[in-house]
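Just so you know, these numbers use all the heavy atoms, side chains as well, and skip hydrogens, waters and symmetry mates. On a predicted model such as this, the values are computed, not experimentally measured, just so you know. A, B, ... follow the sequence lines: proteins, then strands. Residue 1 opens every chain.
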2 protein chains.
Amino acid sequence: MNNKENFVNKLRSSGLRPTKQRIEICKALYDREKTFHFTIMDLAKILKRKSREKISLATIYNTVFAFKKKNYLKEISINKNKSYFDTNVSSHHHFFNESSNELIDLKKSDVGRVNIKRKIPGKKIKSVEVLVRISD
Amino acid sequence: MNNKENFVNKLRSSGLRPTKQRIEICKALYDREKTFHFTIMDLAKILKRKSREKISLATIYNTVFAFKKKNYLKEISINKNKSYFDTNVSSHHHFFNESSNELIDLKKSDVGRVNIKRKIPGKKIKSVEVLVRISD
DNA sequence: CACTACTTTAGAATCATTATAAAGTAGAAA
DNA sequence: TTTCTACTTTATAATGATTCTAAAGTAGTG
């Protein structure tokens with residue numbers, strides 16, 4: 001189970017001080033059954049609702065990007081004017097339902113191996129992501 | 001060959017009045033050897049340099065989105081804070097160089113067939129696009 | 001307990017994008 | 001050609017997300 005102690009350890013083990021703001025954000029993000037997608041503004045609303053502490057927007061930004069850097073969060077390429085994040089950091093692909101603007105995780109087994117044949121000298125592949133657009 | 005006459009016809013045939021601004025923008029976008037990627041700001045700079053007419057930013061936005069709707073342009077989602085557009089409207093994949101923020105087209109033959117095994121009842125697949133993030 | 005480097009914060013600043021509303025223009029009709 | 005109207009362009013203001021700033025607060029070390 002994810003409890004406060006775990007979050008403190010998790011944070012400390014990656015060199016982030018376990019401040020109360022970061023722990024609150026961990027709770028909001030990881031103390032759930034399933035992974036989920038969110039924008040910064042979504043998270044701000046969740047925190048406002050769930051948390052007794054007021055956490056400033058700047059801190060939410062700082063924390064989300066710190067978590068992204070530590071690979072606790074993944075940023076998703078879907079949208080132009082907002083950043084979407086995913087608490088599912090495993091390598092996976094997405095369906096994007098254009099009719100409803102809904103983003104659906106694909107399991108690894110849902111997509112066959114993607115074979116990138118071209119190499120760019122001196123560059124390393126960081127990730128390979130498939131976006132499948134669907135509609136009614 | 002792409003000349004003014006062609007652009008006028010192209011525009012008119014899709015219900016867009018061939019204004020001098022739109023024709024200038026067509027020239028900037030399509031009167032070239034190869035397809036390319038650009039942001040609105042890139043295009044604004046190109047137009048400032050190439051075109052005698054001053055074209056307002058608002059018109060550039062309007063025109064780019066009108067062209068997108070008519071399928072003259074494709075919008076590319078790379079998780080950045082700007083919209084990228086592509087004059088190559090065929091379905092294709094991309095490298096995104098995270099070190100330089102550069103977007104590189106992949107040819108169809110550069111990526112093996114992507115096998116999407118999961119189906120969503122009642123939904124049709126519109127496109128399958130692969131984004132390969134690379135860096136130094 | 002004291003110190004220092006890391007954090008948080010409010011608010012301002014910035015940047016891309018969208019909205020507004022007034023002036024201009026293309027195309028159709030007379 | 002002239003007139004008319006709907007479509008366009010434009011400058012500018014407004015918006016909204018994100019980043020910056022610099023001052024106050026705090027965790028962890030010694």
Side-chain N,O ([X]) to OP1/OP2 ([N]) below 4.0 Å:
X       : N      : result
A:Thr59 : C:dT7  : no
B:Lys54 : D:dA11 : yes
B:Ser83 : C:dT17 : yes
A:Arg17 : C:dT8  : no
B:Arg12 : C:dA26 : no
A:Ser56 : C:dT9  : yes
B:Gln21 : D:dT10 : yes

[X] [atom1] to [N] [atom2], straight-line distance once rounded to whole Å:
X       : N      : atom1 : atom2 : result
B:Glu53 : C:dT25 : CD    : P     : 10 Å
A:Tyr61 : C:dC15 : OH    : C1'   : 13 Å
A:Leu16 : C:dT8  : CG    : P     : 9 Å
B:Leu11 : D:dC7  : CG    : P     : 16 Å
B:Phe65 : C:dA19 : CZ    : P     : 11 Å

Side chain of [X]: nearest nucleotide among [options]?
X       : options                : answer
B:Lys20 : C:dA16, C:dT25, D:dC20 : C:dT25
A:Arg22 : C:dT17, C:dT25, C:dT8  : C:dT8
A:Asn62 : C:dT9, C:dA16, D:dA27  : C:dT9

Would you mind telling me which residue lines up with the more 5' stretch of DNA chain C, B:Pro18 or B:Leu57, judged by nearest nucleotide? B:Leu57
If we check ring pair (Phe, Tyr, Trp, His ring centres under 6.0 Å) with A:Phe85, which of these qualifies: A:Tyr61, A:Phe67, A:Phe65? A:Phe65
Give a yes or no on whether B:Val114 and B:Leu106 share a hydrophobic cluster (residues Ile, Leu, Val, Met, Phe, Trp, Tyr; joining criterion: side-chain heavy atoms under 4.5 Å apart). yes
Under a 4.5 Å side-chain heavy-atom rule over Ile, Leu, Val, Met, Phe, Trp and Tyr, are B:Leu16 and B:Leu43 clustered together? yes
For the residue pair B:Gln21 and B:Thr59, confirm or rule out a side-chain donor-acceptor distance under 3.5 Å. no
If we count only N and O atoms by modelled type, under 3.5 Å, do the side chains of A:His37 and A:Asp105 hold a donor and an acceptor together? yes
One thing to verify: whether A:Asp136 and B:Lys123 come together as a salt bridge, which I'm taking to mean a side-chain N less than 4.0 angstrom from a carboxylate O. yes
Across the strands shown, which category fits B:Thr19 at heavy-atom distances under 4.0 angstrom: base, sugar-phosphate, nothing? sugar-phosphate
side-chain contact (heavy atoms from CB on, under 4.5 Å) with B:Phe95: of B:Ile134, B:Leu103, B:Val130, only one passes, and it is B:Ile134
Rounded to 10°, the angle between the first-five-pair and last-five-pair axes of the helix from C:dC1-D:dG30 to C:dA30-D:dT1 is 20°
